Amino acid sequence: MNTVYTCFCTDVIHDGHRNIINHAKEYGRVVVGCLSDKEMIRCTKFPTTSIEERMALYQEIDGVDEVVVQDDMLYDDVIAKIRPDYVIHGDNWKEGAEKAVRDHVEGLLNQYGGKIVDVPYTYSDEVKKVDQKLKEKLSMSEYRRKRLRQLIEMTPIVKVMEAHSGLTGLIVEKTVVEGENGKLDQFDGMWVSSLCDSTDRGKPDIELVDMTSRLRTINDIMEVTTKPIILDGDTGGLTEHFVYNVRTLERMGVSAVIIEDKTGLKKNSLFGTEVEQTQDSIENFSAKIAAGKKAQLSDDFMIIARIESLILERGMEDALERAFAFRDAGADGIMIHSRDKDPAEIFEFCDKFREQDKKTPIVVVPTSYNQVTEEELSAHGINIVIYANQLMRAAFPVMKQTAEGILRAHRAKEVDSSLMPFKEIIRLIDEL
Ligand code: SPV
Ligand code: MG
């Protein structure tokens with residue numbers, strides 16, 4: 001008897017899936033692959049149920065003979081193991097981002113005479129509704145909040161990109177690329193940077209933009225996205241205020257706040273020792289972390305301690321002493337910052353920290369040492385990489401050039417060829 005294989009990456013079964021199975025039955029024994037968590041995330045479909053729950057769900061569908069785990073979005077593992085006579089899929093994978101996957105599967109099947117069966121994709125109201133519901137579920141605070149902890153467990157390194165508005169949030173949410181290996185890739189979460197949130201308002205990064213305004217930026221981003229959010233909480237402010245902010249952020253569905261061990265008038269770390277900056281004492285900052293942890297109500301929310309010792313040239317020993325002290329005070333992660341062009345001091349810190357602590361997540365912001373790859377960071381035990389300001393730095397020069405171009409030409413024609421038509425920009429924006 002022939003084997004027919006299909007891969008599902010969904011938490012909810014709708015007409016489209018049932019249609020695939022009904023077609024599949026005609027070709028032979030039906031094996032359904034359940035895409036693993038880590039591969040589902042890369043495919044832009046974050047799971048809201050466990051792999052065990054999904055497998056049980058697929059097994060219940062009428063006509064399914066067997067359910068297996070598929071741990072490679074390009075099907076290499078399952079095709080090698082099962083050697084199906086047919087792979088069946090909705091014909092929507094003939095174009096767009098999934099076409100590369102189809103081409104790859106076709107190549108694998110050609111090696112032994114297997115075939116692809118494309119079934120007309122089901123465009124029904126039910127399918128649309130289920131897709132929409134899944135998306136909305138992911139944007140609900142209880143799902144969004146815990147997603148960062150889940151990602152740390154599920155992926156080799158969590159890739160976080162700066163967002164400072166609804167539109168930049170949408171770019172982080174929706175940008176998907178196809179890598180050299182044909183695999184898709186995307187960002188995992190968003191960083192609401194104090195530097196970019198301040199700059200977008202034309203203000204300096206000195207904790208001048210108050211929490212109410214920061215919450216508004218977060219809300220704008222949350223309205224149109226589902227990915228987890230890490231807030232740059234500056235120094236966390238007064239401990240008496242920080243505890244209230246922890247509650248608010250947690251309730252909104254923010255996944256983590258990172259606070260830095262500075263005190264007094266905070267200046268941006270990229271200034272280093274060029275400006276006067278005061279580091280908080282280990283004792284005070286530990287008490288702030290402990291108070292924040294005591295205030296939070298869920299287990300999901302993370303308070304991450306950011307150590308400024310390398311920025312302020314206080315040395316590696318000081319950085320490590322602080323890291324262990326802040327962890328012991330309850331910090332759920334450590335962010336180590338550096339403005340050196342060489343990643344050596346970051347790697348040294350991480351290696352030494354990992355000698356004694358294998359688990360506490362480490363976060364880095366490679367703005368100055370931007371030559372490092374995610375793979376290298378991950379090899380040094382780093383769990384989260386934050387690209388902290390690139391979207392804003394990309395937009396600013398182009399906006400400036402455009403303004404200058406119009407002033408020079410006394411009309412907008414000359415700049416038009418370098419502008420994106422609005423039709424393309426609004427494609428990003430969802431209509432209900
Ligand atoms: C920010 O993005 O606001 C940060 C990171 O705090 S840095 O600007 O590098 O200090
Ligand atoms: Mg900042």
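Atoms within a ligand are numbered from 1 in the order they appear, just like the ligands themselves. None of the values given here were measured: they were computed from a predicted structure.
Taking the six-membered ring wherever Trp is involved, the centroid distance between the rings of Tyr75 and His104 does not fall below 6.0 Å. Ring centers of Tyr123 and Tyr121: under 6.0 Å apart, within the cut-off. Between Tyr143 and Phe46, the ring centre distance reaches or exceeds 6.0 Å.
Rounding to the nearest 0.5 Å gives a distance of 9.5 Å between CD of Glu53 and CG of Leu57.
In terms of protein heavy-atom proximity, atom 2 (O) of ligand 1 is closest to Ser193 OG, 2.8 Å. Given atom 7 (S) of ligand 1, the protein heavy atom at minimum distance is His337 NE2, 3.6 Å.
Put simply, no part of Arg339 is less than 4.0 Å from ligand 1, judged by heavy atoms. Contact annotation: Arg306 has at least one heavy atom less than 4.0 Å from an atom of ligand 1.
Counting heavy atoms closer than 4.0 Å to ligand 1, residue Asn268 contributes side-chain atoms (C-beta onward) but none from N, CA, C or O.
Compare Ile311, Leu270, Asp232 by their heavy atoms: the one nearest to atom 4 (C) of ligand 1 is in Asp232.
Between Lys266 and Asp205 there is a salt bridge, since a side-chain N of the basic residue sits under 4.0 Å from a carboxylate O of the acidic one. Arg18 and Glu60 are not joined by a salt bridge, as no carboxylate oxygen comes within less than 4.0 angstrom of a charged side-chain nitrogen. Arg327 and Asp357 are joined by a salt bridge, as a carboxylate oxygen and a charged side-chain nitrogen come within less than 4.0 angstrom of each other. Salt bridge Lys137/Asp11: absent, no basic N to carboxylate O contact under 4.0 Å.
Ligand 1 has no nitrogen or oxygen under 3.5 angstrom from a nitrogen or oxygen of Asn389. Distances between N or O atoms of Cys196 and those of ligand 1 include no value under 3.5 Å.
At a cut-off of 2.8 Å, Ser269 does not coordinate the Mg ion (ligand 2) through any N, O or S atom.
Ligand 1 places these atoms under 4.0 Å from at least one heavy atom of Ser269: 10 (O).
The atom name of the N/O/S atom in Asp232 closest to the Mg ion (ligand 2) is OD2.
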